[in-house]
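Lettering follows sequence order; numbering is per chain, from 1.
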Protein chains: 2
Amino acid sequence: MGASKLNIHSKNSNDIAIIAKVFAHPARVSILQYISKQESCICNDIVDEIGLAQPTISQHLQVISQAGLLKGDFKGNSLCYCINIERFQEFQELFNSFFIKLNQSNC
Amino acid sequence: MGASKLNIHSKNSNDIAIIAKVFAHPARVSILQYISKQESCICNDIVDEIGLAQPTISQHLQVISQAGLLKGDFKGNSLCYCINIERFQEFQELFNSFFIKLNQSNC
DNA sequence: TCGTTATATTGCAATATTACAATTTAAAAC
DNA sequence: GTTTTAAATTGTAATATTGCAATATAACGA
């Protein structure tokens, strides 16, 4: 009973699910799109842009960050968040191979 | 206060999040991978394959189905679930355009 | 040093998701 | 018609997620 019976699934399925979870909230999608548009940006800009409270944005940024998708200078009172392109491309490849497999379906 | 402040986000962000949610649970990833391997399959096979109870699988199938990703003959006591390739390719395209945009990030 | 500014952390409430037992539905087989 | 079989629905418990107010931290500038 209850949630999260994740250990019964394959590593591949878990990997894909973990990636998908990052994109599974519109705030995080918007945050990623916004960061990718800027050369550098500070969290306060994001708060204005997205329309959620600062702690909420910070929480979403943590989820994105823990997935390894952010890099930059995390010190100072004006942080530069950037997308970790290498990690992001890993995501993209894993997802694409998943997509390719599913496209072979014939019914 | 509380959850789901989804209306403040752009349609594009919401669309991507809705798609990602389908893939955001390893059971659903496994179910999709399993279905794509078969020409036709019945839910009971899926239950054996994934290792979750029948109502849980049924619930996950509903999530996948509501996203428009399933088609097939839903009548009879031996259902044929197949992946709706057209819808799936829509998903893929939306996701890829999202990926492409993010890849333009320079830091 | 003291205030200012930017972000993180904590605590908590509201809501959503995941899971399954029990039950129901519905078609096929007899 | 009755039994069997496959899947959906219902009800409920456990857990996860989302959101924010309040507070803490930490760097910078005066």
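- Whole-Å rounding puts the Ile8(A) CD1 to dA19(C) P distance at 7 Å.
- Distance, Leu70(A) CG to dT7(C) C1': 14 Å, rounded to whole Å.
- What separates CG of Asn44(B) from P of dA27(C) is a distance of 18 Å, to the nearest Å.
- In this pair, Phe95(B) and Phe95(A) present their aromatic rings parallel. The plane angle is below 30°, not in the 30 to 60° band.
- Mapping Ala27(A) and Gln62(B) onto DNA chain D by nearest heavy atom places Gln62(B) at the nucleotide closer to the 5' end.
- Between His60(B) atom NE2 and dC20(C) atom P there is a gap of 9 Å when expressed in whole angstrom units.
- For Ser58(B), counting side-chain heavy atoms from C-beta on, the closest listed nucleotide (dA8(D), dC20(C), dT17(D)) is dA8(D).
- For Tyr81(A), no side-chain nitrogen or oxygen approaches OP1 or OP2 of dA6(C) to under 4.0 Å.
- Side chains of Gln92(B) and Asn96(A): a donor-acceptor N/O pair is absent below 3.5 angstrom, by distance only.
- For Asp15(B), the side chain to side chain donor-acceptor pair (under 3.5 Å) test picks out Lys11(B), with sequence neighbours left out.
- Closest contact between the side chain of Pro55(B) and the listed nucleotides dC20(D), dC20(C), dT18(C) involves dC20(C).
- With rounding to whole Å, Ile42(B) atom CD1 is found 17 Å from dA27(C) atom P.
- The CD1 atom of Ile57(A) sits 11 Å away from the P atom of dA8(C) (whole-angstrom rounding).
- For dA8(C), the base has no donor-acceptor partner in the side chain of Gln59(A) [N/O atoms by modelled type, under 3.5 angstrom].
- Taking the ring pair (Phe, Tyr, Trp, His ring centres under 6.0 Å) definition, one finds that Phe88(B) meets it with Phe99(A), sequence neighbours left out.
- Atom CD1 in Ile64(B) sits roughly 15 Å away from atom C1' in dA7(D) (whole-Å rounding).
- Of the candidates dC20(C), dT18(D), dC20(D), the closest approach to any side-chain atom of Ala53(A) belongs to dC20(D).
- The two residues Ile35(B) and Leu61(B) have their closest heavy-atom pair at CD1-CD2, 4.2 Å.
- Nearest nucleotide to the His25(B) side chain, out of dT9(D), dC20(C), dT18(C): dT18(C).
- In this structure, Phe23(B) atom CZ and dT17(C) atom P are separated by 16 Å, rounded to whole Å.
- With the nearest nucleotide of DNA chain C identified for both Val63(B) and Gln54(B), Val63(B) has the one nearer the 5' end.
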